[in-house]
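Let me begin by presenting the structure, written as structure tokens, before commenting on it.
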Amino acid sequence: MLQRLLHFLELIRFSHTVFALPFALLSSVIAWHQSDSPFAWSQLVGIVLCMVFARSAAMAFNRIVDWQFDAGNPRTAKRHIPAGLLSVTSVIAFTVACSTAFVFSTAIFLPNRWPLILSVPVLLFLLGYSFAKRFTVWCHYWLSAALMLSPIAAWIAIRSEVALTPALLSAVIFFWVGGFDILYACQDADFDREHRLYSIPSRWGIPLALRFALLSHLLTIAALFVLWHFAGLGIVFLIGITVVALLLLYEHWLVRPSDLTRVNLAFFNVNAVVSLGLFLIGVADLFWR
């Protein structure tokens, strides 16, 4: 039973939750910092549960939809379904269970009905990403749009409104995730081209894809400074986003058109530091004053 649980956690890359969850929590902390929306443990539990279940459902669904492509790709052939570690039926059941748990978790925020009302449309958008590579080279930004919903959703769950601060946080996620997903997709450029799957690297080649990714991360840096200005954050956050800017530039130094061996280092290690780091400096900045 424990081994099976570990297989499911590996299937959904549970460790990659660090990419979006810190932004949802940062948005929540800023919302709780407002005088008319005090901290509530139930809201924190609801946000964590919704994030975990929604992401788990989306990742498991992606493994179902893509398992035949995964089986044919040497880089992904050892994933759990093509390797026979988990059956398609069991992953479907897991996806349904996580999807149901996500919808039920939004009831924690009642009498605020917006999370429950928006739960199914949001879930369908998250699941829809799995089909994006079949028809658009901009699939990377469907993924980033899915993740950018997290700070907006957290803010709505707490304050029942949409505001500038979570929208700017979402802009940061949109350009940041889009950029690093392009980097990650460079590994599969030849495979995607051969199998008529769409991505920026497969359509326009790796050198141009790396320029797209760099532009996306430069826009991330710009969005961070805009967020700092309009959210009224202080010197701690300003110093922190300067460090994040250097980390993003370091990420692009790691990956070269002729050398993709350090893509995974750039993808997970650097970006995990970026997301967790932004959360920590954001919280530190709020409580420094």
Side-chain angles (χ1 to χ4, degrees), residues 16-34 36-40 42-56 58 102 105-106 108-109 112 114-119 121-123 125-126 129 141-181 216-217 219-234 236-237 240-241 244 248 271-287:
H16 290 190
T17 305
V18 299
F19 291 152
L21 181 58
F23 285 93
L25 293 177
L26 178 56
S27 179
S28 303
V29 171
I30 296 173
W32 288 321
H33 208 66
Q34 312 299 307
D36 57 341
S37 52
F39 172 78
S42 61
Q43 292 176 340
L44 175 60
V45 171
I47 287 164
V48 172
L49 289 178
C50 285
M51 288 292 299
V52 170
F53 286 131
R55 186 191 174 280
S56 298
F102 166 66
S105 294
T106 61
I108 292 173
F109 300 102
N112 179 0
W114 282 111
L116 183 59
I117 291 170
L118 295 172
S119 61
V122 165
L123 184 61
F125 185 78
L126 298 180
Y129 158 70
Y141 291 100
W142 190 319
L143 175 64
S144 64
L147 269 65
M148 74 179 276
L149 294 175
S150 57
I152 295 176
W155 192 276
I156 290 173
I158 294 170
R159 294 186 56 82
S160 303
E161 65 177 12
V162 177
L164 181 61
T165 295
L168 291 173
L169 264 174
S170 293
V172 171
I173 295 176
F174 181 79
F175 294 117
W176 171 59
V177 173
F180 75 64
D181 193 63
S216 200
H217 283 159
L219 291 171
T220 303
I221 295 168
L224 280 169
F225 282 101
V226 173
L227 170 66
W228 167 75
H229 176 73
F230 283 99
L233 296 166
V236 173
F237 195 76
I241 62 177
V244 165
L248 290 174
N271 288 302
V273 172
V274 168
S275 58
L276 290 172
L278 282 173
F279 169 69
L280 293 174
I281 63 172
V283 172
D285 188 273
L286 287 170
F287 289 98

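Here, residue 1 is the first one in the sequence, and each next residue gets the next number.
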With rounding to the nearest 0.5 angstrom, report the [atom1] to [atom2] distance, [X] to [Y].
X	Y	atom1	atom2	value
Arg55	Leu126	CZ	CG	11.0 Å
Leu44	Leu49	CG	CG	9.5 Å
Leu149	Leu123	CG	CG	11.5 Å
Thr165	Ile30	OG1	CD1	6.0 Å
Leu168	His229	CG	NE2	10.5 Å

Ignoring hydrogens and angles, tell me if any N or O in the side chain of [X] forms a donor-acceptor pair with the backbone of [Y] under 3.5 Å.
X	Y	value
Trp228	Gly234	yes
Ser56	Phe53	no
Trp155	Pro166	no
Asp285	Leu233	no
Ser275	Ala272	yes

Any chance the rings of Phe279 and Phe23 have centres within less than 6.0 Å?
->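 No, ring centres 6.0 Å or more apart.
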Is the distance between the ring centroids of Phe39 and His33 less than 6.0 Å?
->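 No - the distance between ring centres of Phe39 and His33 does not fall below the 6.0 Å cut-off.
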Decide yes or no on side-chain contact (heavy atoms from CB on, under 4.5 Å) for Leu224 and Leu278, but give the supporting numbers first.
-> CA-CA 10 Å; Leu224 280 169; Leu278 282 173; 3.9 Å; yes
Heavy-atom pair with the smallest gap, counting every atom of [X] and [Y]:
X	Y	value
Trp114	Ser160	CD1-CB, 4.4 Å
Ala284	Val236	CB-CG1, 4.1 Å
Asn112	Ala157	ND2-O, 3.0 Å
Leu227	Leu169	CD2-CD2, 3.8 Å
Leu26	Gly282	CD1-CA, 3.8 Å
Ala24	Ile47	CB-CG2, 4.3 Å

Name all residues meeting the side chain to side chain contact (heavy atoms under 4.5 Å, CB included) criterion together with Ser37; count only those two or more places apart in sequence or in a different chain, and write none if there are none.
->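 Testing Ser37 for side chain to side chain contact (heavy atoms under 4.5 Å, CB included), a comparison that skips the adjacent residues, returns Gln34, Ile158, Arg159.
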Under the side chain to side chain contact (heavy atoms under 4.5 Å, CB included) test, residues paired with Leu280 that sit two or more places apart =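 None.
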Set of side chain to side chain donor-acceptor pair (under 3.5 Å) partners for Trp32, sequence neighbours left out =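 Partners of Trp32 by the side chain to side chain donor-acceptor pair (under 3.5 Å) criterion, ordered by chain and then number, come out as Gln43.
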Residue pair [X] / [Y], side-chain heavy-atom distance below 4.5 Å:
X	Y	result
Leu118	Thr106	no
Val172	Val226	no
His217	Thr220	yes
Val52	Phe102	no

Using the side chain to side chain contact (heavy atoms under 4.5 Å, CB included) rule, pick out the option among Phe180, Phe174, Phe175 that qualifies with Ser216.
->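 Option passing the side chain to side chain contact (heavy atoms under 4.5 Å, CB included) with Ser216: Phe175.
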Of Ser144, Pro151, Ser150, the residue whose pairing with Ser170 passes side chain to side chain contact (heavy atoms under 4.5 Å, CB included) =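 Running side chain to side chain contact (heavy atoms under 4.5 Å, CB included) over Ser144, Pro151, Ser150 with Ser170 returns exactly one hit, Pro151.
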Consider only side-chain N and O atoms of Trp176 and Asn271, and report whether a donor and an acceptor are under 3.5 Å apart.
->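 Yes, because at least one side-chain N or O of Trp176 sits under 3.5 Å from a partner of the opposite role on Asn271.
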If the plane angle is over 60° it's perpendicular, under 30° parallel, otherwise tilted; pick one for Phe125 and Trp142.
->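 Phe125 and Trp142: parallel rings.
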